[in-house]
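Along the sequence shown, residues carry numbers from 1. Numbering of ligands and ligand atoms starts at 1, following listing order.
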Amino acid sequence: MNIILLGPPGAGKGTQAQRLEERRGMRQLSTGDMLRAAVKAGTPVGLEAKAVMERGELVSDEIVSKLIDAELAAMGEGAGAIFDGYPRTEAQARSLDGILALHGRTLDHVIELEVNEDALVERITGRFTCANCGAGYHDVFKQPAVAGVCDKCGSAEFKRRPDDNEETVRTRMAEYRAKTAPILPVYEARGIVHRIDGMADIDAVSEAIAEILAS
Ligand code: AP5
Ligand code: MG
Ligand code: ZN
């Protein structure tokens, strides 16, 4: 099974993708995570992407589609893919069709997390992750069981994203509205779009996704 999780910044794509990895053995393919890893490693892609990401704008279609293609090639067959934050433009959606065909995969569901933009700023400015294992947390909505210690790996080191400030978040939302939301009709025409309430609590969103995957 291969699915796209779609939604504006802070909608909960990464949170739900991590749960699907744990519970269903699927693989999260987050272009945002791949780009952040490239920035950290100082690769040519990272050097090109860094400033664009800090402004909250979109990195070039060619770069992200290459990253996705390489990840799918490395994955081989077997595990289902969760596309998190990709595709984000009409050109990327077309590339994904070609890439999937190349790897002998088909797209089963596109799940759109519907959210209220005002609440997203609070979600994003409160977000932090484990610096060691990447587990995601929130100052208010998802604190570690023991304060200052990662639930998953016990690390005491956490980090915040440089693009998680209010100004950049507003740009990221505008990019979503202008460039990403318009790709939905393509998938609607194929009858594979599901809309769920992304404002519900994290468990309720996971349940709604589980129902779609079981359908
Ligand atoms: P990316 O990393 O994809 O960021 P994004 O799309 O802005 O989405 P986020 O990761 O911010 O949100 P999320 O939906 O994953 O939310 P999360 O689960 O963490 O992209 C970053 C940048 O990279 C882009 O701006 C662009 O520059 C570039 N880029 C990436 N992909 C690209 C592409 N394909 N093309 C071009 N450029 C690309 O949740 C947020 C917080 O809320 C967490 O703290 C979480 O604990 C909490 N939370 C989650 N769900 C709930 C809930 N139901 N209730 C309460 N709290 C919740
Ligand atoms: Mg994310
Ligand atoms: Zn950890």
Between Ser206 and Gln16, does any side-chain donor sit less than 3.5 Å from a side-chain acceptor? yes

Run through the side-chain heavy atoms of Ile, Leu, Val, Met, Phe, Trp and Tyr, join any pair under 4.5 Å, and report what else lands in Val146's cluster. Val149

Indicate, with yes or no, if Ile196 and Leu213 share a hydrophobic cluster defined by side-chain heavy-atom contacts under 4.5 Å among Ile, Leu, Val, Met, Phe, Trp and Tyr. yes

For the residue pair Tyr137 and Phe158, does the interplanar ring angle fall in the parallel (under 30°), tilted (30 to 60°) or perpendicular (over 60°) class? perpendicular

Below 3.5 angstrom, do we get any N/O pair linking Gly85 and ligand 1? yes

Would one find an N or O of Val205, backbone or side chain, under 3.5 Å from an N or O of ligand 1? no

Closest non-hydrogen protein atom to atom 46 (O) of ligand 1, residue and atom name please, with distance? His138 CB, 3.6 Å

The residue among Thr171, Asn165, Asp164 that forms side-chain hydrogen bond (donor to acceptor under 3.5 Å, both in side chains) with Thr168 is Asn165

Is Tyr137 close to ligand 1, meaning an N/O of one under 3.5 Å from an N/O of the other? yes

N/O to N/O below 3.5 Å, does that happen between Val52 and ligand 1? no

So if you build clusters from Ile, Leu, Val, Met, Phe, Trp, Tyr with side-chain heavy-atom gaps below 4.5 Å, do Met173 and Met199 land together? yes

Ligand 1 contacted by Ala17 (non-hydrogen, < 4.0 Å): no

With only distance considered, is Gly10 within less than 3.5 Å of ligand 1 through an N or O on each side? yes

So is Gln92 polar-close to ligand 1, meaning N/O to N/O under 3.5 Å? yes

Any heavy-atom pair between the side chains of Tyr86 and Leu29 that's under 4.5 Å? no

Sub-3.5 Å N/O-N/O distance, Pro87 and ligand 1: no

Gly32: numbered ligand 1 atoms lying under 4.0 Å from its heavy atoms: 1 (P), 2 (O), 20 (O), 30 (C), 31 (N)

Is the number of heavy atoms from other residues, nucleotides or ligands within 6.0 Å of NZ (Lys152) greater than 12? yes

Is there a heavy atom in Ser60 that sits closer than 4.0 Å to ligand 1? no

Output the list of atoms in ligand 1 that are nearer than 4.0 Å to some heavy atom of Gly14, sorted by atom number. 13 (P), 15 (O), 18 (O)

At less than 4.0 angstrom from any non-hydrogen atom of Asp201, what atoms of ligand 1 do you find? 53 (N)

Looking only at distance, does Arg36 have an N or O less than 3.5 Å from an N or O of ligand 1? yes

Any idea which part of Ala200 is under 4.0 Å from ligand 1, heavy-atom wise: side chain, backbone, both or neither? backbone

With heavy-atom distances below 4.0 Å as the criterion, list the atoms of ligand 1 near Phe141. 55 (C), 56 (N)

In the protein, what heavy atom is nearest to atom 20 (O) of ligand 1, and what distance, to one decimal place, separates them? Arg88 NH2, 3.4 Å

Is any N or O atom of Tyr86, backbone or side chain, closer than 3.5 Å to an N or O atom of ligand 1? no

Gly7-ligand 1 polar pair, N/O distance under 3.5 Å: no

Of the protein's non-hydrogen atoms, which lies at the shortest distance from atom 49 (C) of ligand 1, and what is that distance? Thr15 OG1, 3.4 Å

Counting heavy atoms only, name the option from Gln18, Arg127, Met199, Glu57 that's nearest to atom 19 (O) of ligand 1. Arg127

I'd like to know if Ser30 contacts ligand 1, where contact means a heavy-atom distance under 4.0 Å to any ligand atom. no

So what does the Cys130 SG - the Zn ion (ligand 3) - Cys133 SG angle come to, to 10°? 110°

Protein heavy-atom partner closest to atom 25 (O) of ligand 1 - residue, atom, separation in Å: Arg172 CG, 3.7 Å

How long is the gap from CG on Leu72 to CG on Asn2, to the nearest 0.5 Å? 7.5 Å

of all protein heavy atoms, closest to atom 37 (N) of ligand 1 is Val59 N, 3.0 Å

If two hydrophobic side chains count as joined below 4.5 Å and joins carry through other members, does Ile99 share a cluster with Leu5? no

Show the numbers, then the answer: is there a salt bridge (Lys or Arg N to Asp or Glu O under 4.0 Å) between Asp61 and Arg94? CA-CA 10 Å; Asp61 293 330; Arg94 281 193 299 274; over 6 Å; no

Can you tell if the side chain of Thr31 reaches within under 4.5 Å of the side chain of Val59, non-hydrogen atoms only? no

Is a side-chain donor or acceptor of Arg123 paired with a backbone partner of Gly10 at a separation under 3.5 angstrom? yes

Taking atom NZ of Lys142 as the centre, does the number of heavy atoms from other residues, nucleotides or ligands within less than 6.0 Å exceed 12? yes

Closest protein heavy atom (residue, atom, distance) for atom 8 (O) of ligand 1: Lys13 NZ, 3.1 Å

Nearest protein heavy atom to atom 23 (O) of ligand 1, by residue and atom, and its distance? Met53 CE, 3.3 Å

Residue Gly198 vicinity, atoms of ligand 1 by number, heavy atom under 4.0 Å: 53 (N)

Cys153 SG to Cys150 SG via the Zn ion (ligand 3), rounded to 10°, gives 110°

Which residue and heavy atom of the protein sit nearest atom 48 (N) of ligand 1, plus the separation: Arg123 CD, 4.0 Å

Would a hydrophobic clustering, with Ile, Leu, Val, Met, Phe, Trp and Tyr connected at side-chain separations under 4.5 Å, put Leu113 with Tyr176? no

If we only count heavy atoms from C-beta on, is the Glu54 to Lys50 side-chain gap below 4.5 Å? yes

Residue pair His194 / Glu112, side-chain heavy-atom distance below 4.5 Å: no

Just which atoms of ligand 1 are under 4.0 Å from any heavy atom in Ile202? 50 (N), 51 (C), 52 (C), 53 (N), 54 (N), 57 (C)

So is Arg161 close enough to ligand 1, meaning a heavy atom under 4.0 angstrom away? yes

Are Met26 and Phe83 linked, directly or through other ILVMFWY residues, by side chains that come within less than 4.5 angstrom of each other? no

According to the side-chain hydrogen bond (donor to acceptor under 3.5 Å, both in side chains) rule, which pairs have a member within residues 179-193, sequence neighbours left out? Asp97-Arg190, Glu175-Lys179, Glu188-Arg195

Selection from Asp197, Thr31, Leu35 by shortest heavy-atom distance to atom 29 (N) of ligand 1: Leu35

